[in-house]
Amino acid sequence: MFCGQSVLIPFGVAVLCGYIVYMLWAHHRHDYLIAWAVATWGALALRAALAGRLAKRALDRDQVSHWTRFMIGICFVNGLLGGAAGFLFFEGSPLAAQALLTMLLCCWSAGAMATSGAIPLAFYAFLLPFLAPITSSWLATDIHGSNYTALLIVFFAAYEVIFVRDNARVLVNAVVASNRSKALALELDQKRLEAETARARAEEANQSKSRFLAAASHDLRQPMYALSLYATLLRKAAKEDETRKISDHIEFSVQALDGLFVGLLDISRFDAGIVKPNWQTCTVEPVFEGIERQFGAIAESKGLRLEVRACPAQIRTDPGLLGRIVGNLVSNAVRYTKRGGIELRAAAAGSSLAIEVADTGIGIAPEEIERIFEEFYQVGNPERDRAEGHGLGLAIVRRLVNLLQCELKVESQPGRGSTFRVLIPLSSEPIPAGGAVPPQPQEREIDLTGLVVLVIDDEREVRAALEDLFSSWGCACVAAAGHDDAVAAVEERAAEVDLIIADYRLAKGENGIDTVRRLRERLGNLPALLVTGDTAPDRLLEAQASGYSVLHKPVTAQDLRRKVVEVYAAR
């Protein structure tokens with residue numbers, strides 16, 4: 001600021017010096033006047049040129065201190081030269097010229113506040129030699145009131161000193177506040193950059209996790225698929241009790257892993273938005289009856305009582321998905337209750353129906369209530385005992401509650417049990433004739449003997465297992481790893497294919513959906529079944545949108561046969 005203001009000084013001072021010379025021209029020697037004006041203006045011009053150069057340079061702390069002292073010295077010289085007019089040209093001038101000279105010098109000093117006030121010491125160094133001569137001249141004259149005039153000049157100078165001091169404080173505070181604001185802005189920008197970087201890393205980590213889980217899920221499901229099929233064949237071929245016992249253990253392990261995969265698949269399906277509610281007006285009585293049949297014997301085997309109290313109030317929901325919510329809550333209650341019992345009850349609560357599952361189990365600590373809805377988190381199972389479940393039930397409940405637009409509340413005390421409450425809005429719409437849940441169609445028993453099935457899977461073990469399984473059903477199986485292999489195998493055997501079963505993810509970037517489409521263009525509009533081990537939401541959406549029937553690995557032999565019958569019969 002000091003340097004910027006100093007650049008403008010010579011222009012104003014040149015006009016002021018010219019006017020003083022003009023005013024005193026008739027009363028003093030011309031060479032003195034001209035010499036004074038040139039010296040005064042020259043010193044100010046030198047200061048302005050130096051200030052202009054300094055304003056364009058980046059100075060460190062030591063350089064700033066050095067040039068500040070230098071500028072204070074120049075200001076002292078400026079004040080000495082400019083104030084000399086009050087000593088050189090006061091005496092000998094008429095009273096009017098003396099008064100006007102005094103006024104001009106006071107105005108000059110007032111202007112110096114703006115140009116030098118940014119550095120108070122520089123202004124003080126200018127002011128003392130500048131106003132001292134004119135003050136002394138008034139004190140030395142015998143004009144009436146001259147002493148009062150000198151005193152007024154002193155008061156005016158004191159006012160200028162006070163003003164510059166206070167203004168400098170304000171300026172310093174403003175600079176400090178500005179620097180602090182800039183520092184805070186830089187810190188905020190840094191924090192924002194760090195937050196954006198952390199978010200980008202978190203998103204990348206989340207995407208990497210999703211890609212890893214999708215790939216891991218697919219790679220794990222492939223051998224599980226084959227193992228499930230071989231377990232069925234082993235049990236069918238077993239003739240000794242010991243062999244049957246081993247096959248039973250294998251099937252139990254397969255079912256446990258299948259339960260985990262089904263849970264992961266369900267979560268992926270909910271996150272992908274594939275599951276759509278089948279909204280109906282209904283009561284909870286059929287749902288409660290199914291839950292009682294499903295868990296009554298299990299609770300009794302553990303010495304627990306299961307009390308079920310339904311309510312005839314009508315609600316609008318998806319009975320199937322609501323049954324999964326209640327079923328998962330009751331399943332958890334039975335699992336974590338060692339003595340006492342479980343109550344499943346429903347009652348109207350204002351404009352909602354409150355479904356409550358209350359148990360006398362181990363309870364949940366307050367800090368764990370939110371965590372129980374996380375995937376794989378289980379209370380009281382640090383050993384990850386699979387008999388205690390996989391920790392996915394409540395994660396699915398949370399997603400189903402959101403899907404059905406319900407409200408879920410939890411009350412629990414460690415050692416005293418838990419109560420899960422689901423609030424569903426009541427409905428005044430009439431229940432359609434025939435009940436809320438339409439009767440399930442009976443499965444059609446169709447003999448698959450002679451059926452020619454084209455199996456496409458890039459896993460050799462899966463192809464071999466499917467060939468053996470279909471052969472046990474009396475079917476002919478043509479197995480291939482991809483589109484080209486399938487075309488070659490069909491032409492080699494001259495087979496009339498009746499059904500295509502293709503894996504979704506094939507080798508060399510081949511896609512099961514595209515492969516089936518190309519084969520149907522070549523072989524005719526054959527019924528097709530898509531089998532996938534992917535759980536990535538985008539893959540699930542793509543498979544769902546393909547229009548083909550979809551099975552998710554690992555697939556049991558019973559489910560595969562059921563779906564084959566369904567797809568083939570629909571032809």
Side-chain angles (χ1 to χ4, degrees), residues 2 5-48 51 71-72 74-120 122-165 167:
F2 179 88
Q5 294 291 341
S6 297
V7 174
L8 303 176
I9 291 177
F11 301 102
V13 169
V15 174
L16 193 60
C17 288
Y19 183 75
I20 291 175
V21 170
Y22 169 77
M23 179 184 67
L24 301 176
W25 189 261
H27 308 291
H28 296 277
R29 291 181 54 174
H30 297 169
D31 54 345
Y32 284 1
L33 289 171
I34 293 174
W36 170 80
V38 170
T40 301
W41 184 87
L44 290 171
L46 176 64
R47 167 185 163 182
M71 282 297 183
I72 291 173
I74 291 182
C75 287
F76 177 78
V77 173
N78 292 154
L80 196 63
L81 289 173
F87 174 77
L88 296 174
F89 308 125
F90 184 85
E91 187 176 354
S93 298
L95 181 60
Q98 291 175 343
L100 185 57
L101 177 62
T102 302
M103 184 186 70
L104 291 175
L105 291 177
C106 287
C107 291
W108 189 339
S109 70
M113 288 193 300
T115 58
S116 304
I119 303 177
F123 177 73
Y124 304 153
F126 167 83
L127 186 65
L128 180 62
F130 186 77
L131 290 182
I134 191 67
T135 304
S136 300
S137 296
W138 278 103
L139 288 174
T141 185
D142 55 358
I143 300 174
H144 178 70
S146 60
N147 292 337
Y148 295 111
T149 302
L151 185 61
L152 287 175
I153 296 173
V154 172
F155 284 159
F156 181 72
Y159 172 79
E160 287 182 313
V161 169
I162 294 172
F163 180 84
V164 168
R165 182 198 64 187
N167 190 62

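Position 1 is the first residue of the sequence, and the numbers go up from there.
- Arg165 places none of its side-chain heavy atoms less than 4.5 Å from the side chain of Pro120.
- Formation of a donor-acceptor pair under 3.5 Å by the Trp25 side chain with backbone atoms of His30 is not found in this model.
- Counting only heavy atoms from C-beta outward, the side chains of Leu24 and Phe90 never approach each other to under 4.5 Å.
- In this structure, Ile153 CD1 and Ser136 OG are separated by 9.5 Å, a value rounded to the nearest 0.5 Å.
- To the nearest 0.5 Å, the span separating CG on Leu16 from CH2 on Trp41 amounts to 14.5 Å.
- Looking only at distances, no side-chain donor or acceptor of Thr135 sits under 3.5 Å from a matching main-chain atom of Ala150.
- Using the six-membered ring where Trp is involved, Phe130 and Phe126 have ring planes that are parallel, under 30° apart on the 30 and 60° scheme.
- Across all non-hydrogen atoms, the minimal contact from Met23 to Leu100 is SD-CD2, 3.0 Å.
- Contact between Cys17 and Trp108 at its shortest, heavy atoms only, is SG-CH2, 3.9 Å.
- Between Leu131 and Ile134 there is a side-chain heavy-atom pair separated by less than 4.5 Å.
- Only one option out of Asn147, Thr102, Thr149 pairs with Trp138 in a side chain to side chain donor-acceptor pair (under 3.5 Å); it is Thr102.
- Residues Glu91 and Ser137 have side chains not in contact (no heavy-atom distance under 4.5 Å, counting atoms from C-beta outward).
- Summarising the geometry of Ala37 relative to Val21, their closest heavy-atom pair is CB-CG2, 3.9 Å, with the distance given to 0.1 Å.
- Atom CG of Leu44 is separated from atom CG of Leu81 by 8.0 Å, given to the nearest 0.5 angstrom.
- The side-chain contact (heavy atoms from CB on, under 4.5 Å) test with Glu160 singles out one residue from Phe155, Tyr124, Phe123, and that residue is Phe123.
- Summarising the geometry of Ile143 relative to Leu95, their closest heavy-atom pair is CD1-CD1, 3.6 Å, with the distance given to 0.1 Å.
- The two residues Pro129 and Ala125 come nearest to each other via the heavy atoms CD-O, 3.0 Å.
- Contact record, Leu101 with Ala85: CD2-O, 3.8 Å, taken as the closest heavy-atom pair.
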